[in-house]
There are 2 protein chains.
Amino acid sequence: MTTIYEVATRAGVSLSTVSRVLNGNKSVNPALAEKVKQAASELHFTPSQKARSLASKHSHAIGIVLPNKHMLFASHLLFSFEHILRQHKKHCVIAFSHDTIESEVEAIEFLLSQGCDGVFVTTISSTTKHLHSLKDKIVTLSTGEAKATVTDLSASVAHCVSKAHHLLSEQGHTDIALVNDRKTVSQNETFLSLFKKQLIVNVEVDALSDPFLDPLLELMAKGEVFSAIICTNDVLVERVVNSAKELGMVLPSDLSIISSRPPNAHAEISSSLTYNVSSVAYSTLDMARAAAKKCFAAFYDDGLDEDSANPLSPIFLDYGSTAPFS
Amino acid sequence: MTTIYEVATRAGVSLSTVSRVLNGNKSVNPALAEKVKQAASELHFTPSQKARSLASKHSHAIGIVLPNKHMLFASHLLFSFEHILRQHKKHCVIAFSHDTIESEVEAIEFLLSQGCDGVFVTTISSTTKHLHSLKDKIVTLSTGEAKATVTDLSASVAHCVSKAHHLLSEQGHTDIALVNDRKTVSQNETFLSLFKKQLIVNVEVDALSDPFLDPLLELMAKGEVFSAIICTNDVLVERVVNSAKELGMVLPSDLSIISSRPPNAHAEISSSLTYNVSSVAYSTLDMARAAAKKCFAAFYDDGLDEDSANPLSPIFLDYGSTAPFS
DNA sequence: TTGTATGCGTTATCAA
DNA sequence: TTGATAACGCATACAA
């Protein structure tokens, strides 16, 4: 392994000059700088991360806590996250939480003990007192409404529902129904006020195992008319679509259906659906970008500048399952 | 951060004694050792990986190259791999290759430049000359038959086919057919000799897009009888199953069907199948174990001992789609 | 068996 | 602007 010292001798300067040039922050004589760069490239010099992280405060390693082995969503997020990190010459150390708070804490502590500058948690985002002491080393993906005490990436299904509602409203729909399986949404007065109370069906998550559960029929039983439905879950969408077809409805002209994906779901169409459903969801790329930015700001002094100030916002994926109200 | 030196003073010994106790290799006075452990735990001492990796030769970081964002198989492998690594106090740095050789090389070099002791490559496993120089730092998951020049984990679909054949033979089947989409298998004389030539259907991968392709009909057209079929691909299985049902066959009594999964597929049943198909595949846990073992042996002096010498072998997942021949 | 001293390859702090 | 030199926290060869 070639060291900074060898580069120094070859360039005829001291090692501290080399360090300055390579880190490029301090002012150096351009002529010398050129010499150093030349020598460095000739020797194929690669600074030792080991030494570098010992001498400086940072290891340039960022930990990421992943949920479990079925990481459909997380794999996309991880992919983008790693891509961004590598562009900034930082690397990504992973650890799985096994969907429990204890294991999540374990994973975080492990990553930190391994020298990570900080940790990005994509899972439960529990913020126990245990973690409170190292909160400035943690960025979480907060998918709920409850704010954590750590730096978090706020992404919520309520925002998605809101965006979906907005889109439908723009298309002229006034009677919009909500088929909801989220406690967080059903408690969020702000978003619920967008809907007529009668046009909301709340479905318990465990009730989904009942194959006879038919949200569409439940809605119709209320005797109200509606021209569009927002579902917070793909299974619910499937039920509604199938039911609508059985009832002889023509989609989307008779009924606009839109899926409002939770933040930790793909921003991609579900292959199990027989009907392509438009959806409102967060882009994993956007999330990764936002997460990286938060991490850089929290773990390092110099924040990532880039095209700044684009808050995390749901995107609309139009697969033609909504139509203007006529 | 509490250092080894503080532990030393508190325990009333020198720092080298502390180092010895904590690394547990050299002989130390049990009494002193106890003191040191006590002091260490009282101070919540956690050795700095940064310093440790600079002073010693190892960073205790192992890189893993993942294929792409759709990592269905790799996520399971990663999960198990990380679990094993963490048990041995090593951590897992990831990088994605984007399914090209160039990006794979990039990923490997990046991981190595970040100080990883070695890299486990789960993807293309190309072994260009470029990588040959650092072959002792690379373990690959070789899913083909072609041996790489680096340390590799040999896993092949041919082994799976062989195992499937063996299982069916044990059940009394003598006329076994093979529906194959793998070039590597169709060139492997050893395994093909298990089958009667007439009972082999080779399907080009791109031919799978043709919905009228019916391997079962092709087989039957050969005028031979057979009581069992081995498929090297889930799509093929689906075709065979559907076709068999249309022909009025009762599964599995009329026909045993078994899926011989390629090494880089889940060892889980595919949810897209309407019929549960038994399969022969590698367990991702086994693969992770084997990979970890190879990595430890290649990157560190002390190999992982554990229950040694269990070579990677396909497992049988019985979902009842095979029946004894009668 | 234990303690001392040196080195690992950088970054950071001083003088010059 | 540059160059010595001191950390960084630990492992380890060597001396005691």
Subject >> Ring center gap for B:His70 and A:Phe79 short of 6.0 angstrom >> reply: no
Original post:
For the helix from C:dT1-D:dA16 to C:dA16-D:dT1, what angle lies between the axis at the first five pairs and the axis at the last five pairs, to 10 degrees?
Top reply: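 Taking five pairs per end, the axes differ by 40°.
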Subject >> Residue among A:Leu141, A:Ile138, A:Val119, A:Thr122 satisfying side-chain contact (heavy atoms from CB on, under 4.5 Å) with A:Val65 >> reply: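 Checked A:Leu141, A:Ile138, A:Val119, A:Thr122 against A:Val65; only one passes side-chain contact (heavy atoms from CB on, under 4.5 Å): A:Val119.
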Original post:
Only one of B:Ile94, B:Val139, B:Leu111 clears side-chain contact (heavy atoms from CB on, under 4.5 Å) with B:Ile64; which?
Top reply: B:Ile94
Subject >> Any residue meeting ring-ring contact (aromatic ring centres under 6.0 Å, His included) with B:Phe81, in chain and number order, not counting sequence neighbours >> reply: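 Checked B:Phe81 against ring-ring contact (aromatic ring centres under 6.0 Å, His included); matches are B:Phe120.
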**OP:** Compare every heavy atom of B:Gly115 with every heavy atom of A:Lys50, then report the nearest pair and how far apart it is.
**Re:**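 What the structure gives for the nearest pair is CE-O, 3.9 Å.
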Subject >> For A:His44 against A:Thr2, the heavy-atom pair lying closest together >> reply: O-CG2, 4.5 Å
Original post:
For DNA chain C, what residues of residues 28-43 of chain A have any heavy atom nearer than 4.0 Å?
Top reply: none
**OP:** Answer yes or no: is there a donor N or O on one side and an acceptor on the other, between the side chain of A:Lys294 and the main chain of A:Thr140, under 3.5 Å?
**Re:**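 No, because the side chain of A:Lys294 does not come within donor-acceptor range (under 3.5 Å) of the backbone of A:Thr140.
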**OP:** Report the distance from atom OG1 of B:Thr3 to atom CZ of B:Phe45, rounding to the nearest 0.5 Å.
**Re:** 7.0 Å
Taking N or O atoms only and anything under 3.5 Å, show me the protein contacts with nucleotides 9-11 of chain C, one pair per line.
{"from": "C:dT10", "atom 1": "OP1", "to": "A:Ser48", "atom 2": "N", "distance (Å)": "3.4"}
{"from": "C:dT10", "atom 1": "OP2", "to": "A:Ile4", "atom 2": "N", "distance (Å)": "2.6"}
{"from": "C:dT11", "atom 1": "OP1", "to": "A:Asn23", "atom 2": "OD1", "distance (Å)": "3.3"}
{"from": "C:dT11", "atom 1": "OP1", "to": "A:Asn23", "atom 2": "ND2", "distance (Å)": "3.0"}
{"from": "C:dT11", "atom 1": "OP1", "to": "A:Arg52", "atom 2": "NH2", "distance (Å)": "3.1"}
{"from": "C:dT11", "atom 1": "OP2", "to": "A:Ser19", "atom 2": "OG", "distance (Å)": "2.6"}
{"from": "C:dT11", "atom 1": "OP2", "to": "A:Asn23", "atom 2": "ND2", "distance (Å)": "3.4"}

Subject >> All pairs passing side-chain hydrogen bond (donor to acceptor under 3.5 Å, both in side chains) where residues 110-119 of chain B contributes a residue, at least two apart >> reply: A:His91-B:Gln114, B:Ser59-B:Asp117, B:Asp117-B:Tyr300
Subject >> Partner residues of A:Asn68 under the side-chain hydrogen bond (donor to acceptor under 3.5 Å, both in side chains) criterion, sequence neighbours left out >> reply: A:Asp99
